[in-house]
**Q** 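Just passing along the structure, written as C-alpha cells.
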Amino acid sequence: MSSFAGRMKEYSNISLDRFDRENIHARAYFLSHCHKDHMKGLKGPLLKRKLQSSRTVRLYCSFVTKELLLSNPKYSFWEDYIVPLELESPTQISLVDEASGEKEDIVVTLLPAGHCPGSVMFLFEGGQGNVLYTGDFRLAIGDASRIEYLHSGSRVKEIQSVYVDSTFYDPRFYQIPSRDVCLNGILELVRNWICQSPYHVVWLNCKAAYGYEYLFTNLGEEFKTQIHINNLAMFKKMPEILNYVTTENKTQIHACRHPKDEEFLQGNRLPCGSTASDGTPLQIISIKPSTMWFGERSKKTNVIINVFHVYLSLLFNFIYFLLTDSQLSQSQSGCSSSTRLSGSQTPELFSEETDEETSVSSEGQQSLSSSLSNHMSQNQNSPVSDTVILQPGQSNLIFTETEVHQDMMDLPDSQTSSDFDIPCTPESKIPGSQELRELYKKLASGEDLCHCKTGCSSTSQMMNHNENA
DNA sequence: GCGATCAGAT
DNA sequence: CACATCTGATCGC
C-alpha cells in the first residue's frame, strides 16, 4: 500500500495520490492511476465541499484515468473538476492561493507508467527544479531512455528528486519475469486446458480493479473469444478492450468476481454462477495474476502469474538512468555545480559508513557516500526515513511505499533482521550484497544489462504450481 | 445512516 | 508479512 503522504518537498502546495487530511487544501490534485490505494480521500465529503467552494482547484490525470474514475458513480461529482491531460504533452498549470492571490506556475508532463490503463508518472518542472513522481510503474529495460521528456537534447534532464514506487525494493525481488514471458506462459497454459473439452474452463482470479486488460485482449485475440467480466461500464469508451470482454457467460475464459468466489469454485461453479447446462461438472483451472506469486497458500489457486510492478534490477537501472546520467551530463556540459563525480563514477551505494546526517535531505552540500543501508536501519528509535540520497550531487530518491525493507543489503550472509522468509522467485536466486555491488558498478559504468536467459520459454519459471491443485 | 479505522480475509 | 483490494465490526457524529 502506498504510504506516501501526498506532498513533495519541492512543490508542497500540490497533492498526489492522497486526498485526505492536509491534502484537501492543496492548490491542485494529481492522480497517477485508478487504484484504490492511491485514491484515499477522493470520495470524501470534505473534498466534495472544497471543490464547490474553490474556483481554481482541479484534479489532473490522464484521459483514461478520468474515464475509469467517472465510470464509478461514487466519483461522479468530480466530473466538472477533472482536467485530463494528454500524454507527453507539457502543460503549464497555475497554482493559485485563493486567499492571497499569490501564484506559482509549474509545467507538468504525463509519462506512461505501464502499470494499468491510464497510469502515468508525473514530471514537474518549475522554480524548484525538475521532479519526477513515478506512482506505481512497470517499465522494461530501455523504456526510460526512450521517453523524450526525460531528455533535454541528447542528454537526460537533471532531476532534483525522484519519488519512486519501492514496493519491490528488496533483493528478494531481484528478478521477476517480464510481461511477455508471463503472457506467453498463460497463453500456453490456457491453450492446453481449454482444448481438452468444452467443460474445461479458465478462471482468472483478478483482485485489483484494473491492470489485467492486456491479458484479456491477448487471450481474446489468441483464442478468438471474449472474456467474461462482471460489467463493461468502465471500458465503454475503450473499444480496443471492449471488443474482448463480455457479460455473457458462455465462454471458456472467465474473470468474473463474487464476494464468495472461493465457495463457488468448491462446487465446480464459476463466480458468475454458471455451470454446464447438461449437468457435467466444469473443470476449472484458476489462475491468479499477481505480483505476489507466493501469497496464496489456500489450495484454491492453481497457478500464480505475476503482473504490475517493476522489480529491483530494473529499478536500479531506472534510478541509475535518471540520476547518474543527469549528473554526468551536468558536469560534462560545464554547468555551474558543486557536484563532482568520483574517479570511478560509481556512487557509493553500499558504503559502510554510519553518518546519520546524510540520510535526510538537508540543504546545501551532501556527502558523496551516503549509505543506503544506513537508511534501512531503525537506529536511534527514529522512524525509517523514506528519503535516501544515493547520488553525488543534489538528487534525492524518495520512496512512496509502505516501508523500506530493513535487510536490504544484509542478505544472505548476515540474515539477522528478517522476521519472516519470502520465497524467491521460482528458479531465481537472491543476489548477495557483493553481487548487488557488482550490478550497481555495471550500471554505473554504463554496461548494458539484459536479464533474459537464453531460451527462457519455460512456463515453470514463472508459475508456482500448488501441489494440491 | 454515514464515515473513519481496524481486523481479517482472499 | 508483502499485492490490491473487500467485508465486517466498532466507534463517533
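These figures come from a predicted structure and were not determined experimentally.
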**Q** To the nearest angstrom, how far is A:Lys43 atom NZ from B:dC2 atom C1'?
**A** 11 Å

**Q** Roughly, in whole Å, what's the span from CD in A:Gln266 to P in B:dT10?
**A** 11 Å

**Q** Rounding to an integer number of Å, can you tell me how far A:Leu46 CG sits from B:dA4 C1'?
**A** 11 Å

**Q** Taking only residues two or more places apart in sequence, or in another chain, which ones meet A:Lys236 in a salt bridge (Lys or Arg N to Asp or Glu O under 4.0 Å)?
**A** A:Glu67

**Q** For A:Asn23 and B:dA4, give me the distance from atom CG to atom P, rounded to whole Å.
**A** 14 Å

**Q** May I have the distance from A:Lys260 (atom NZ) to B:dA9 (atom C1'), rounded to whole angstrom?
**A** 12 Å

**Q** State which of C:dT5, B:dT10, C:dT7 makes the closest approach to the side chain of A:Lys207.
**A** B:dT10

**Q** Counting side-chain heavy atoms from C-beta on, which of B:dT5, B:dT10, C:dT5 comes nearest to A:Asp37?
**A** C:dT5

**Q** Which nucleotide in the set C:dA4, C:dT7, B:dA4 lies at the smallest distance from any side-chain heavy atom of A:Pro259?
**A** C:dT7

**Q** Do A:Tyr133 and A:Phe30 have their ring centres less than 6.0 Å from each other?
**A** no

**Q** Taking atom P of C:dC6 as reference, at what distance in whole Å does atom NZ of A:Lys288 sit?
**A** 14 Å

**Q** Which atoms form the tightest heavy-atom contact between A:Tyr29 and A:Ile24, and what is the distance?
**A** OH-O, 2.6 Å

**Q** Could you please name the option among C:dC6, B:dT5, B:dT10 that lies closest to any side-chain atom of A:Glu262?
**A** B:dT10

**Q** Choosing from C:dA4, B:dT5, B:dG3, which nucleotide comes nearest the side chain of A:Arg21?
**A** B:dT5

**Q** Of all the choices, B:dT5, C:dC6, B:dT10, which nucleotide is nearest to the side chain of A:Arg257 once you look at every atom?
**A** C:dC6

**Q** Scan side-chain atoms only and decide if A:Asn23 and A:Ser15 contain a donor-acceptor pair under the 3.5 Å cut-off.
**A** yes

**Q** Rounded to whole angstrom units, what separation is found between the CG atom of A:Asp261 and the P atom of C:dT5?
**A** 15 Å

**Q** How long is the line joining CG of A:Asp20 and C1' of B:dG3, in whole Å?
**A** 13 Å

**Q** For A:His33, give me all partners under ring-ring contact (aromatic ring centres under 6.0 Å, His included), at least two apart in sequence or on another chain.
**A** A:His35, A:His38, A:His115

